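Keep in mind that the numbers below use all heavy atoms, side chains included, and drop hydrogens, waters and symmetry copies. What you see is a predicted model; the values in this text were computed from it and never measured.
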Amino acid sequence: MKFKSLLLSLALGAALLSGCTPKQESQQQEPQQQEQQGNQAEVSTTPSIVNNADAFLKAAGKEGTWIIAVLEDITIDKDIVLEGDFTNKNETARKIALYEQDDNRNVTARYTLTAPKLIVKSENARIQSGTFVGDVYVEANGFQLVDAKIEGNLYFANEEYKTSATIDEESSVTGVTEIK
């Protein structure tokens, strides 16, 4: 009798476990499927951590993520277009993080991103704590340069975009900053 009871318990346990497994896999796949479908909440909260040109270009596109964090110097031989509407903490935001930081948010390493052009079409886009080598063309409001350097020119499509931009004291542009 105990043997039958044990077999029944094992069978029931196996049935329960096998019944749970697909559901768990489904839950694990759901965020990925949501991201692929362009679910704004999922896309806006997930960073892209990149270490090559292809990954960076994908993250910068409309289906990318609100923050692109690089792990090393990256050179891209074509123009980068930063586009799409993303949010962070319920605010429109886009960030190119050219640095690493420790647990206390101290910058521990800085990186260089090189491309012929960076065309910024996302509102409130920020380049932070590293160097962009190339020209930056801003076609959106709220551009920010934070503790970063542009080795090239900074062009704004109109006066409104230029007026809404902020460049902090730690940042610099080696070329011209003008409307073009």
Side-chain angles (χ1 to χ4, degrees), residues 28 31-32 35-36 39-156 161-162 164-178:
Q28 290 172 353
Q32 189 175 37
E35 186 172 347
Q36 290 170 353
N39 180 309
Q40 191 64 37
E42 185 65 29
V43 171
S44 65
T45 59
T46 306
S48 281
I49 300 172
V50 300
N51 64 355
N52 64 61
D54 290 337
F56 189 94
L57 289 169
K58 183 177 179 183
K62 287 181 183 178
E63 301 299 319
T65 56
W66 86 269
I67 184 171
I68 308 163
V70 302
L71 297 174
E72 60 189 47
D73 294 344
I74 298 175
T75 298
I76 301 173
D77 61 1
K78 55 185 162 185
D79 295 347
I80 300 168
V81 180
L82 188 67
E83 59 187 334
D85 297 322
F86 297 87
T87 58
N88 177 41
K89 299 177 185 173
N90 297 319
E91 297 288 329
T92 302
R94 201 74 197 271
K95 181 177 178 180
I96 298 175
L98 300 174
Y99 64 97
E100 287 185 46
Q101 64 185 11
D102 63 18
D103 293 339
N104 295 320
R105 296 188 179 212
N106 296 310
V107 174
T108 58
R110 295 172 187 270
Y111 301 109
T112 299
L113 174 62
T114 303
K117 288 181 189 176
L118 169 60
I119 303 163
V120 178
K121 295 185 176 189
S122 294
E123 283 198 21
N124 300 322
R126 171 191 297 198
I127 300 173
Q128 185 168 338
S129 298
T131 302
F132 178 77
V133 177
D135 293 334
V136 177
Y137 291 78
V138 178
E139 300 177 5
N141 281 314
F143 176 76
Q144 302 165 47
L145 197 58
V146 178
D147 185 33
K149 183 177 186 178
I150 295 173
E151 289 184 7
N153 301 309
L154 176 57
Y155 298 115
F156 294 92
Y161 299 154
K162 185 177 179 184
S164 70
T166 57
I167 299 174
D168 72 6
E169 291 181 17
E170 291 81 27
S171 297
S172 65
V173 178
T174 62
V176 300
T177 299
E178 63 186 21

Gap separating the [atom1] atom of [X] from the [atom2] atom of [Y], nearest 0.5 angstrom:
X	Y	atom1	atom2	answer
Lys58	Glu63	NZ	CD	10.0 Å
Gln144	Ile127	CD	CD1	10.5 Å
Glu123	Glu91	CD	CD	11.5 Å
Phe56	Leu82	CZ	CG	7.0 Å
Thr177	Lys162	OG1	NZ	7.0 Å
Ser172	Ile167	OG	CD1	9.0 Å

Looking at [Y], is its backbone amide N or carbonyl O close enough to the side chain of [X] to form a donor-acceptor pair, meaning the two atoms are under 3.5 Å apart?
X	Y	result
Ser171	Leu145	yes
Ser129	Leu98	no
Asp168	Val146	no

Checklist entry - Between Asn141, Asp85, Thr92, which is the residue that forms a side chain to side chain contact (heavy atoms under 4.5 Å, CB included) with Asn124? => result Thr92
Checklist entry - So among Ile74, Asp73, Asn51, which one has a side chain to side chain contact (heavy atoms under 4.5 Å, CB included) with Tyr111? => result Asp73
Less than 4.5 Å apart, side chain to side chain, heavy atoms only: is that true for [X] and [Y]?
X	Y	value
Val136	Phe143	yes
Phe86	Ile67	no
Leu113	Ile80	yes
Arg94	Ile68	yes
Ile150	Leu118	no
Asn88	Lys95	no

Checklist entry - Is the NZ atom of Lys149 crowded by more than 12 outside heavy atoms at less than 6.0 Å? => result no
Next on the checklist: Can you tell me if Asp102 has over 12 outside heavy atoms packed within less than 6.0 Å of its CG?
Outcome noted: yes
What heavy-atom pair brings [X] and [Y] nearest, and what distance separates the two atoms?
X	Y	value
Ala165	Phe156	CB-CE2, 3.6 Å
Ala53	Thr75	CB-O, 4.0 Å
Gly84	Ser122	O-OG, 2.8 Å
Leu57	Lys78	CD1-CE, 3.4 Å

Checklist entry - Aromatic rings Tyr137 and Tyr155: how do their planes relate, parallel, tilted or perpendicular, breaks at 30° and 60°? => result tilted
